[in-house]
Amino acid sequence: YWFNLHDDWWTDVADIQYLSAQAKDAEQQGELSHAFSLYGQLVAYYRLTFLPEDIYEDVFSSYRRQHEYTSIQLLEHLMQLSTRMERFDEALSSALHTLSIDPYNENAVKTLVHVHLHQGDTTGALRQLNEFELMLRQEMGIEPGQEIITLRRSILNSR
C-alpha cells in the first residue's frame, strides 16, 4: 500500500475518537439528547464486524476482543443514559444488542427487568430473571450475582 500523506483521507478510527470525545463533552454539558445521538452513531460503528474478511485470523484476536469489550462498554453506557432519559425503547434495544454479544451480561438483564417494571409488567421482569438464572446455572454452573438476587427480592416484596 502507498498513502499520499498530503491528500485528504479518512479512517473510522479517527471518526470514532472524534464522536466519542464529542459525545462525552455533550453529556458533561448536560446536552443529553445530543450525546445520545452521538453515542448512537458510535454504536453503528461498533455494529460493524472488526475486519470481517479476516475473522478467522488469530493474529487479530486480541484486537477483536478489545473491539467487543469497547462495544459492550458503550452499549452499557447507552443503557444507563437511555434509562436516565426515560427512553425505554432505546434502553431495551441496547440491552438486547448487548445480550447478542454477551448473553451473560448482568447489566443488560437488569436493564430489561427495569424496562419490564417501568411498563408495569412484573411477571415479565420475573420471567427475565428466571431465564437468566437458569441459563447461568445450566450453562456455566454458577449462581447469579448479588445484585440480581437483590433485584428479585425487591420485586417479590413489592407485589
Residue list, side-chain hydrogen bond (donor to acceptor under 3.5 Å, both in side chains) with E131, at least two apart or on another chain: none

Closest non-hydrogen atom pair, I101 against S71: CD1-OG, 3.7 Å

For the student: nearest non-hydrogen atoms of A35 and A23, plus distance: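 Closest approach of A35 to A23: CB-O, 3.6 Å.
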
Please round to the nearest 0.5 Å and tell me the distance separating atom [atom1] of [X] and atom [atom2] of [Y].
| X | Y | atom1 | atom2 | value |
| --- | --- | --- | --- | --- |
| Y39 | L75 | OH | CG | 12.5 Å |
| T111 | M79 | OG1 | CE | 4.5 Å |
| K110 | Q80 | NZ | CD | 9.0 Å |
| Q29 | H34 | CD | NE2 | 10.5 Å |
| H77 | S82 | NE2 | OG | 9.5 Å |

Hey, does [Y] have a side-chain heavy atom less than 4.5 Å from the side chain of [X]?
| X | Y | answer |
| --- | --- | --- |
| V115 | Q119 | yes |
| R137 | I142 | no |
| L92 | L96 | yes |
| R152 | N130 | yes |

Step-by-step side-chain contact (heavy atoms from CB on, under 4.5 Å) determination, T98 to N107: CA-CA 9 Å; T98 301; N107 290 326; over 6 Å; no

Result of checking D121, L156, L151 against L126 for side chain to side chain contact (heavy atoms under 4.5 Å, CB included):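 In the set D121, L156, L151, the residue that makes a side chain to side chain contact (heavy atoms under 4.5 Å, CB included) with L126 is L156.
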
ring-ring contact (aromatic ring centres under 6.0 Å, His included) partners of residues 89-140, not counting sequence neighbours, each pair once: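 Residue pairs passing ring-ring contact (aromatic ring centres under 6.0 Å, His included), neighbours aside: F88-H118.
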
Does [Y] offer a backbone N or O that forms a donor-acceptor pair with the side chain of [X] under 3.5 Å?
| X | Y | answer |
| --- | --- | --- |
| N157 | R153 | yes |
| E106 | G145 | yes |
| S154 | T150 | no |
| S158 | I155 | yes |
| S94 | E90 | yes |

Between Q66 and T70: side-chain donor-acceptor atoms closer than 3.5 Å: yes

Check: Q41/D15 side-chain N/O donor and acceptor closer than 3.5 Å: no

Candidate pair L136 and E143, rule side-chain contact (heavy atoms from CB on, under 4.5 Å), full reasoning: CA-CA 6 Å; L136 288 177; E143 295 297 317; over 6 Å; no

L78 and F36: CA distance, side-chain angles, deciding distance, side-chain contact (heavy atoms from CB on, under 4.5 Å) verdict: CA-CA 7 Å; L78 201 53; F36 185 85; 3.7 Å; yes

Would a hydrophobic clustering, with Ile, Leu, Val, Met, Phe, Trp and Tyr connected at side-chain separations under 4.5 Å, put [X] with [Y]?
| X | Y | answer |
| --- | --- | --- |
| M135 | I148 | yes |
| L74 | Y69 | no |
| I16 | L81 | yes |
| I72 | L42 | yes |

Where at least one partner belongs to residues 25-37, residue pairs that pass salt bridge (charged side-chain N to carboxylate O under 4.0 Å, His left out), sequence neighbours excluded: E27-R84

Test side-chain contact (heavy atoms from CB on, under 4.5 Å) applied to L112 and L99, step by step: CA-CA 10 Å; L112 290 177; L99 290 172; 3.5 Å; yes

